[in-house]
Novice: 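First the structure, then my questions, so here it is.
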Amino acid sequence: MRKSVLALGVVLCLPGVSLLAQSAPPPIATPVPQGDIVLQLHEGGRKLVLAIPEMSTPGTAALRSRVAQPFTATLRADLEYAGVFAIADPANYPAGSREPSTTEAADRWRGTGAEVLVDTRGEVAGDRATVEARVWDLPSRKMILGRRYSGGVAYIERIAHTLANDIVKHFTGKDGLFLSTILFVSNRDSAGREIWAMDFDGRNPRRLTSHKAMSISPSGTAGKIAYTSYVRLYPQIWLMGTDGGEKRELVTGVDLNASPSISPDGSQIAFAGSTSGNTDVYAIGADGKNLRRLTTTRALEASPAWSPTGRQIAYTSDQTGTPQIWLIDAEGTGARRISLAGNWNDEASWSPDGARLAFACRNEGDFNICVMNVATGETVQLTSEGSNGRPSWSPDGQKIVYQSRRGSTTQIYTMDAADGANKRVLTEGSINVQPYWMP
């Protein structure tokens with residue numbers, strides 16, 4: 001239990017890097033007239049093969065290097081990462097006209113193995129870029145998606161992320177994750193352990209707190225971020241906006257104030273608190289009112305996590321001898337143990353649909369990440385390398401972000417939630433821990 005309740009354990013003493021990039025404004029998107037063909041992909045089916053030629057941009061080679069190449073590389077990487085698309089080999093793309101207006105032109109593209117063509121054309125005027133995207137169904141030679149985007153040239157990759165989101169939404173019916181944010185704790189600028197944010201792929205890191213005191217355990221939703229900070233020596237819960245602004249201390253009146261979790265509507269905070277030395281799960285309004293104790297055993301209980309409906313809270317309790325995952329109703333009733341395998345299960349995180357829980361699990365040896373079906377109890381272990389913890393789901397439920405200690409350093413990784421495939425490291429250098437994927 002002390003792994004999560006008192007986990008202040010990694011000493012951060014590596015040289016820092018100043019990375020203070022600001023979050024970018026969203027690009028402006030407008031529809032382009034299109035046909036009425038609709039293709040739908042479903043999870044677990046075969047991958048749809050896309051041809052994505054480099055964005056056509058009139059101008060100099062320098063402009064191509066500055067705009068077209070990073071845009072195209074980002075778009076290809078995003079859509080491949082989505083897990084439902086495959087990218088046809090660009091070396092086989094035909095030269096000349098891209099628009100599949102004739103059977104012969106469409107067949108040249110289909111000869112690459114592609115079923116869909118994503119054709120993008122960009123223009124730059126001053127510091128503004130405009131990108132028009134047309135997505136073609138090659139067998140029917142009809143445009144199935146059209147969008148026009150405009151934004152700052154400096155944010156051309158963000159425009160690519162936005163287009164990738166729209167393509168994922170069109171083909172799967174689910175929102176893409178390419179504009180999502182991952183919160184984490186880092187010492188990378190030598191200012192001590194602070195709360196940071198980064199894009200889904202690890203780019204654009206920006207520091208959100210500057211307390212110059214240990215700030216840990218970020219959680220966020222509904223435009224709010226909660227975290228624990230030692231700015232007043234003893235741990236207290238703080239709230240701030242998603243850009244790091246409007247910070248305020250949430251006075252609870254109890255000790256410890258660890259691992260805060262915000263309810264889906266942002267109105268309540270569940271946290272681990274203590275009176276007389278016993279650690280229990282508490283909840284309090286985001287306005288600092290209506291404190292209530294939800295667990296009342298003599299066991300150590302911590303790591304609360306609200307369900308997506310806001311009706312239940314998962315938490316860790318050692319009342320049966322070893323730390324295990326329990327559920328309790330939001331009113332503090334109906335407590336019941338739900339993890340049955342392994343001798344240590346902790347740090348539960350709900351999938352967006354509420355059907356699964358990811359958590360740190362251990363039977364023997366190091367900690368790993370497990371995923372459990374809440375209804376059936378069926379549990380699958382997704383990791384096997386390093387010592388792993390702090391899982392958190394992507395907004396679309398397809399990925400999990402987590403921390404992994406390998407050797408002398410701890411970094412943040414992502415993987416497929418279904419089977420643990422496609423593991424990617426997002427951070428490097430300094431120690432980076434406690435990721436939380438914002439919904």
Side-chain angles (χ1 to χ4, degrees), residues 1 3-5 7 217-221 226 228 256 258-273 279-284 292-297 299-320 322-362 367-382 388-395 397 400-403 417 434-439:
M1 175 64 62
K3 178 175 180 288
S4 60
V5 178
S217 301
S219 161
T221 192
T228 294
L256 190 59
S259 55
S261 174
I262 302 182
S263 64
D265 64 1
S267 66
Q268 300 181 75
I269 313 294
F271 65 100
T279 303
D280 283 290
V281 175
Y282 288 76
I284 191 172
R292 58 198 189 279
R293 181 177 172 182
L294 302 182
T295 62
T296 57
T297 73
L300 288 173
E301 289 160 334
S303 301
W306 290 92
S307 70
T309 64
R311 298 173 183 171
Q312 294 178 306
I313 296 173
Y315 65 101
T316 304
S317 175
D318 67 355
Q319 62 184 280
T320 55
T322 61
Q324 298 293 336
I325 308 299
W326 287 62
L327 288 185
I328 194 169
D329 297 336
E331 296 78 16
T333 59
R336 58 222 181 262
R337 175 179 168 178
I338 62 169
S339 65
L340 301 175
N343 61 25
W344 192 307
N345 298 299
D346 193 9
E347 302 173 342
S349 172
W350 292 87
S351 63
D353 62 4
R356 294 169 290 173
L357 283 171
F359 52 93
C361 58
R362 186 185 72 183
F367 283 90
N368 281 293
I369 303 301
C370 288
V371 170
M372 178 177 59
N373 183 303
V374 176
T376 66
E378 180 183 2
T379 301
V380 178
Q381 181 178 312
L382 300 186
N388 308 283
R390 299 304 291 249
S392 181
W393 296 77
S394 63
I400 290 175
V401 66
Y402 63 103
Q403 69 181 43
Q434 299 185 341
Y436 183 89
W437 214 320
M438 287 280 288

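Note that the numbering runs from 1 along the sequence shown for the chain.
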Novice: Does D346 come within less than 4.0 Å of R390, counting only side-chain N to carboxylate O?
Specialist: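 Answer for the salt bridge query: no.
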
Novice: Which atoms form the tightest heavy-atom contact between S303 and S259, and what is the distance?
Specialist: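 Heavy atoms of S303 and S259 come nearest at N-OG, 3.5 Å.
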
Novice: Of the options I338, V380, L340, which is the one that meets M372 in a side-chain contact (heavy atoms from CB on, under 4.5 Å)?
Specialist: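 By the side-chain contact (heavy atoms from CB on, under 4.5 Å) criterion, M372 pairs with just one of I338, V380, L340: I338.
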
Novice: Check for a donor-acceptor pair, side chain of E301 on one end and backbone N or O of S317 on the other, with a separation under 3.5 Å.
Specialist: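 No; judged by distance alone, with no hydrogens or angles, the pair does not exist.
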
Novice: Flag the pair Q312 / D329 as yes when at least one side-chain heavy-atom distance between them is below 4.5 Å, and no otherwise.
Specialist: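 They are in contact (side-chain heavy atoms under 4.5 Å apart), so the answer is yes.
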
Novice: Find out whether R293 and Y282 are in side-chain contact, i.e. whether some heavy atom of one side chain is under 4.5 Å from a heavy atom of the other.
Specialist: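 Result yes, sub-4.5 Å side-chain heavy-atom pair found.
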
Novice: For A360, is there any backbone N or O sitting under 3.5 Å from a side-chain donor or acceptor partner on R362?
Specialist: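 No: the side chain of R362 does not pair with the backbone of A360.
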
Novice: For the residue pair V371 and T379, establish whether any side-chain heavy-atom pair is separated by less than 4.5 Å.
Specialist: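 V371 vs T379: side chains apart.
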
Novice: Show, in sequence, the C-alpha distance, side-chain angles and deciding distance for Q324 and S339, and conclude whether the side-chain hydrogen bond (donor to acceptor under 3.5 Å, both in side chains) test is met.
Specialist: CA-CA 6 Å; Q324 298 293 336; S339 65; 2.7 Å; yes

Novice: At what distance, to the nearest 0.5 angstrom, does OG of S219 lie from CD1 of I269?
Specialist: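 S219 OG to I269 CD1: 7.0 Å, rounded to 0.5 Å.
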
Novice: Which heavy atom in A305 sits nearest to a heavy atom in A348, and how many Å separate them?
Specialist: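 Nearest heavy atoms, A305 then A348: CB-O, 3.4 Å.
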
Novice: Could you pull out the closest heavy-atom pair between Y315 and Q319, with the gap in Å?
Specialist: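 Of all heavy-atom pairs spanning Y315 and Q319, the closest is OH-NE2, 4.5 Å.
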
Novice: Taking atom CZ as the centre, does R311 end up with more than 12 heavy-atom neighbours from other residues, nucleotides or ligands that are less than 6.0 angstrom away?
Specialist: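 Counting neighbours around CZ of R311, 12 or fewer heavy atoms of other residues, nucleotides or ligands fall under 6.0 Å, so no.
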
Novice: Does W306 reach the main-chain N or O of S261 with its side chain, forming a donor-acceptor pair under 3.5 Å?
Specialist: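 Pair found, side chain donor or acceptor close to backbone of S261.
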
Novice: For V401, is there any backbone N or O sitting under 3.5 Å from a side-chain donor or acceptor partner on S392?
Specialist: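 Answer holds: no.
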
Novice: Could you state the interatomic distance from CZ (F359) to CG (N368), rounded to the nearest 0.5 Å?
Specialist: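 The CZ atom of F359 sits 11.0 Å away from the CG atom of N368.
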
Novice: Apply the side-chain contact (heavy atoms from CB on, under 4.5 Å) test between T295 and each candidate in I313, L300, V281; give the one that qualifies.
Specialist: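 Of the listed residues I313, L300, V281, the side-chain contact (heavy atoms from CB on, under 4.5 Å) partner of T295 is V281.
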
Novice: Any side-chain heavy atom of W350 within less than 4.5 Å of one from L357?
Specialist: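 Yes; the side chains approach each other to less than 4.5 Å.
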
Novice: Which atoms form the tightest heavy-atom contact between G310 and A330, and what is the distance?
Specialist: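 Looking at all heavy atoms of both residues, the shortest contact is O-CB, 3.6 Å.
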
Novice: Any side-chain heavy atom of D353 within less than 4.5 Å of one from W393?
Specialist: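 The answer is no, as the side chains (C-beta and beyond) never meet within the 4.5 Å cut-off.
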
Novice: With no hydrogens and no angle check, is any side-chain donor or acceptor of N388 less than 3.5 Å from a backbone partner on F367?
Specialist: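 The answer is yes, because a donor-acceptor pair under 3.5 Å joins these two groups.
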
Novice: What is the distance from atom OG1 of T221 to atom CE of M438, rounded to the nearest 0.5 Å?
Specialist: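 It is 6.5 Å, given to the nearest 0.5 Å.
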
Novice: Any chance you could measure R356, atom CZ, to E378, atom CD, to the nearest 0.5 Å?
Specialist: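 Atom-to-atom, R356:CZ and E378:CD are 11.0 Å apart.
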
Novice: Provide the closest heavy-atom pair for C361 versus I369 in the form atom of the first, atom of the second, distance.
Specialist: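 Heavy atoms of C361 and I369 come nearest at SG-C, 3.8 Å.
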
Novice: Evaluate the side-chain proximity of P323 to W326: yes if any heavy-atom separation is below 4.5 Å, no if none is.
Specialist: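 A side-chain contact is absent here, since even the closest heavy-atom pair is not under 4.5 Å.
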
Novice: Is there a side chain to side chain contact (heavy atoms under 4.5 Å, CB included) between T333 and I328? Walk through the geometry before answering.
Specialist: CA-CA 6 Å; T333 59; I328 194 169; 5.9 Å; no

Novice: Taking the side chain as C-beta and beyond, is there a heavy-atom pair between P260 and S217 under 4.5 Å?
Specialist: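 They are in side-chain contact.
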
Novice: If you take all heavy atoms of G342 and N345, which pair is closest and at what distance?
Specialist: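 In terms of heavy atoms, the two residues are closest at O-ND2, 4.1 Å.
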
